[in-house]
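Quick notes on the structure that follows.
Note: hydrogens, waters and symmetry copies are ignored here, and every other heavy atom, side chains too, is used.
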Amino acid sequence: MTIAALHRLLDEEQPDVVRHPAPEIPQITARKKKSMQQPRPVPGPPAPQGQSSAGAAPLAVGKLLAWAEAHETRFVARKGEQARVLLRELRGLYAEAEELAQADAEEQRLLGELADLRARKDRLRPTQKRKSPVRDYVPAEVRTWARGAGLDVPAAGTVPNAIVAAWREATGGAQ
């Protein structure tokens, strides 16, 4: 059975079978086989009264498969069986794809909830503040003294312990 024939089967209505919309199947043109014998065409089922075969509504897939499987020609009956098997496999593949899509959606929802929960935990955690060291001197005064004494002292940051010790010795200790 060709992909085009399967495509036509999938596009037909099936009132007795619940199915999701069929995914798009690309049209592929098949290469003709070099064969001496071609299967002879079998006439289709008679058109309902009042309708010509050209303007008739397409048969439902279930009816078409039943007709093909009950057909007297082995070729048509075999094609009907193959179509039924392929449709069953396609339905299974479609169901698996739907389940995967649902699992992906659930995963995204859970990841969003996890991000919200982590943000809430971060807001509720107590913040740890750094304690500033307790000094018995004013760093600006120690820097001024050190520059006046010709010592090299950084303009910002922590005053080196050696400079603080020299300042204490020279000025008599803490202020």
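- In this view, R125 and D122 satisfy the salt bridge (Lys or Arg N to Asp or Glu O under 4.0 Å) rule, not counting sequence neighbours.
- Interatomic distance, Y137 OH to T171 OG1, rounded to the nearest 0.5 Å: 12.0 Å.
- Atoms CG and CD, from L100 and E107 in turn, are 9.5 Å apart once rounded to the nearest 0.5 Å.
- Listed by chain and residue number, nothing satisfies the side chain to side chain donor-acceptor pair (under 3.5 Å) test with E99 (two or more places apart in sequence, or in another chain).
- Between E106 atom CD and L111 atom CG the span is 10.0 Å, to the nearest 0.5 Å.
- Under a 4.0 Å N-O distance rule, the pair K121/D116 does not qualify as a salt bridge.
- Closest heavy-atom contact between V153 and P160: CG2-CD, 4.5 Å.
- Taking CD1 from I163 and CZ from R168, the interatomic distance works out to 13.0 Å, rounded to the nearest 0.5 Å.
- Atom CG of L151 is separated from atom CH2 of W145 by 5.5 Å, given to the nearest 0.5 angstrom.
- D104 is not listed as a side-chain neighbour of Q108, based on a closest heavy-atom distance of 4.5 Å or more.
- Partners of E81 by side chain to side chain donor-acceptor pair (under 3.5 Å), not counting sequence neighbours: none found.
- Listed by chain and number, the residues in a side chain to side chain donor-acceptor pair (under 3.5 Å) with R143 amount to none (sequence neighbours excluded).
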Before giving the answer on side chain to side chain contact (heavy atoms under 4.5 Å, CB included), spell out for W167 and V159 the whole-Å C-alpha distance, their side-chain angles and the decisive distance to 0.1 Å. CA-CA 11 Å; W167 172 78; V159 178; over 6 Å; no

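- Checked against side chain to side chain donor-acceptor pair (under 3.5 Å), E72 has no partners two or more places apart in sequence or in another chain.
- L110 contributes atom CG, which lies 11.5 Å from atom CG of L117 (distance to the nearest 0.5 angstrom).
- Exactly one of R78, R84, R74 qualifies for a salt bridge (Lys or Arg N to Asp or Glu O under 4.0 Å) with E69. That residue is R84.
- A single hydrophobic cluster is not seen to contain both Y94 and V85; linkage of ILVMFWY side chains at heavy-atom distances under 4.5 Å, directly or through other members, places them apart.
- Scored by the salt bridge (Lys or Arg N to Asp or Glu O under 4.0 Å) test, E113 finds R109 as partners (sequence neighbours excluded).
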